[in-house]
Each structure stands twice: as structure tokens, then as C-alpha cells.
Amino acid sequence: MAVRVDKWLWAVRVFKTRTIATEACKKGRVTMGESSTPVKPSRMLEVGDIVNVRKPPVTFTFRVRALTQNRLGAKFVPDYMENITPQDQYDLLEVVKISGFVDRRKGLGRPTKREGRELAKFTGAAESDGWDFDFDFDDTDDDDNL
């Protein structure tokens, strides 16, 4: 028995919908084996195949343990796939999560108030007491106004 790669990725909960899994295959984000050649959504999987899924900035790697065409409950997923993603990919994901508020992608809008405070703390911006004007009382001449 063989199963389409897009259907298997959806069934083992790598992608939320089958449409998203199909789009990922079409965009070249799903590869198989050591050659890392992009696969079409209709590519058939067999037990033992290695599937790489690139969800920027991380590339996840899975080994096919069993095949299924039906969506599985989360507790059954380990019976059908083995996650063999290298630790350095998870370290990269952690770095991106930590620095996420510094590198805002275009289109995400303004930083929230909390993110702004964290950014100010991170960059070491001087905190003010709310009074940001300088006024010298000695320089005023009351005679000029008469």
C-alpha cells in the first residue's frame, strides 16, 4: 500500500489541512531522502521513507513508520511517524522565538505596548520620567513683553 505525501502529512498532523499540505509540496517545501529534491503532492510514500518539511526557518525531518490516509488522533501519531529532526534545527527555532520581537516581518503591524517596552529594555534605551523638556527660567526677559 502506498499513500500520497500530501495526504500522509495531513493525516499525521504536520499540516492543519490537506490544502496547506498540497500548497507546501507545490512550493517546494517538502522534500524526500538525502537528495532533498522537491516532491509533488501526488508522490507516493512507503514505509521507511524520510520526509523533510521546511517551515521557515526550520526544516523538520520525519521517518515514515506506517501509512494512513485518515487523520489520526494526536496520541496515535508516534505510531505512524518518527521525528528525526536534528537538535540544531530546534536551537534555531528557539533563537528565532527569543529574537522575534526585534526582527518584525513586514506586514505584522506595529509592536504592541509590551513588545515596545521589551525592545526598549533590550536596546538599553534611556527611561524618562515623563518630563522631556528643558526650560531655563533665567533666560526670560519680562521687559521684552511690555
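These figures come from a predicted structure and were not determined experimentally. In what follows, residues are counted from 1 in the order of the sequence shown.
- Shown here for Trp8 and Tyr80, the closest heavy-atom pair between the two residues is CZ2-O, 3.5 Å.
- Using modelled atom types, one side-chain atom of Glu115 and one backbone atom of Thr112 make a donor-acceptor pair closer than 3.5 Å.
- For Lys55, the side-chain contact (heavy atoms from CB on, under 4.5 Å) partners are Val14, Phe15, Val53, Phe60, not counting sequence neighbours.
- The stretch residues 63-75 participates, sequence neighbours left out, in these side-chain hydrogen bond (donor to acceptor under 3.5 Å, both in side chains) pairs: Arg63-Glu82.
- Put simply, Val12 and Val3 are part of the same group of oily side chains (I, L, V, M, F, W, Y) that touch within less than 4.5 Å, one to the next.
- Placement of Val77 and Leu9 within a single hydrophobic cluster is found when ILVMFWY residues are connected by side-chain heavy-atom separations under 4.5 Å, directly or transitively.
- For the atom pair CZ (Arg4) and CE (Met44), the distance works out to 7.5 Å, reported to the nearest 0.5 Å.
- A distance-only check finds no donor-acceptor pair linking the side chain of Gln89 to the backbone of Val58 [under 3.5 Å].
- The number of heavy atoms from other shown groups lying within 6.0 Å of CZ (Phe76) does not exceed 12.
- Rounding to the nearest 0.5 Å gives a distance of 12.5 Å between CE of Met81 and CG of Leu45.
- A search for side-chain hydrogen bond (donor to acceptor under 3.5 Å, both in side chains) contacts involving Gln87 returns Asp91, not counting sequence neighbours.
- Here Thr85 pairs with Asn83 under the side-chain hydrogen bond (donor to acceptor under 3.5 Å, both in side chains) rule; sequence neighbours left out.
- Qualifying side-chain hydrogen bond (donor to acceptor under 3.5 Å, both in side chains) partners for Asn52, counting only residues two or more places apart in sequence or in other chains: Thr31, Thr61.
- Under the 4.5 Å side-chain heavy-atom criterion for ILVMFWY residues, a single connected hydrophobic cluster contains both Tyr90 and Val51.
- By the criterion of side-chain heavy atoms lying less than 4.5 angstrom apart, applied directly or through intervening Ile, Leu, Val, Met, Phe, Trp or Tyr residues, Met32 is grouped together with Val64 in one hydrophobic cluster.
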Solution key, residues 19-29 side-chain donor-acceptor pairs under 3.5 Å, sequence neighbours excluded:
| from | atom 1 | to | atom 2 | distance (Å) |
| --- | --- | --- | --- | --- |
| Thr22 | OG1 | Asp6 | OD2 | 2.9 |
| Thr22 | OG1 | Arg18 | O | 2.9 |

